[in-house]
Enquirer: 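Provided herewith is a single structure, encoded as structure tokens, for subsequent inquiry.
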Amino acid sequence: MSTGGDRRPLPAEVDLVAYRIVQESLTNVTRHAHATAVDVRTEQGPRHVTVEVTDNGRGPAPVGAGSGSGIAGMRERAWAATPGGSRPRSPDGCRG
């Protein structure tokens, strides 16, 4: 795990959302990626928090595979915690 940026206390809602996103990401890696290594990186700016979870696993499932909503749910959590902010970026860098 690595951290960067200007670290300071986060609002409780943002802190909880970031925690839940990391938790769901690690659960997804454990269940689906068959990874042997995972890295969690956080960066805090004046008006943003970036959470990046990467692993050396097999990659995403084909479109339409599975019935979970993990990534979509994480995106919605992040969006809900950013009133008046910009939409969070998906792993491919697109706003969604």
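Since the model is a prediction, treat every value here as computed from it, not as a measurement. Counting begins at 1 with the first residue of the sequence. Hydrogens, waters and symmetry mates play no part in the numbers below; they use all other heavy atoms, side chains included.
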Enquirer: With sequence neighbours left out, what residues match R7 under salt bridge (Lys or Arg N to Asp or Glu O under 4.0 Å)?
Expert: none
Enquirer: In Å, rounded to the nearest 0.5 Å, how long is the span from CG of L26 to CD1 of I21?
Expert: 12.0 Å
Enquirer: For R41, check salt bridge (Lys or Arg N to Asp or Glu O under 4.0 Å) against everything at least two apart and list the hits.
Expert: E43, E52
Enquirer: How would you list, by chain and number, every residue that makes a side-chain contact (heavy atoms from CB on, under 4.5 Å) with A33, sequence neighbours excluded?
Expert: V29, A35, D55
Enquirer: Taking only residues two or more places apart in sequence or in another chain, which ones pass side-chain contact (heavy atoms from CB on, under 4.5 Å) with L10?
Expert: V14, D15, Q44, V49
Enquirer: With rounding to the nearest 0.5 angstrom, report the OG1 to CZ distance, T27 to R20.
Expert: 10.5 Å
Enquirer: The criterion is side chain to side chain donor-acceptor pair (under 3.5 Å); which residues satisfy it with D39, sequence neighbours excluded?
Expert: none
Enquirer: As a quick check of understanding, evaluate side-chain contact (heavy atoms from CB on, under 4.5 Å) for V53 and V38, giving each step before the final call.
Expert: CA-CA 7 Å; V53 179; V38 65; 3.8 Å; yes
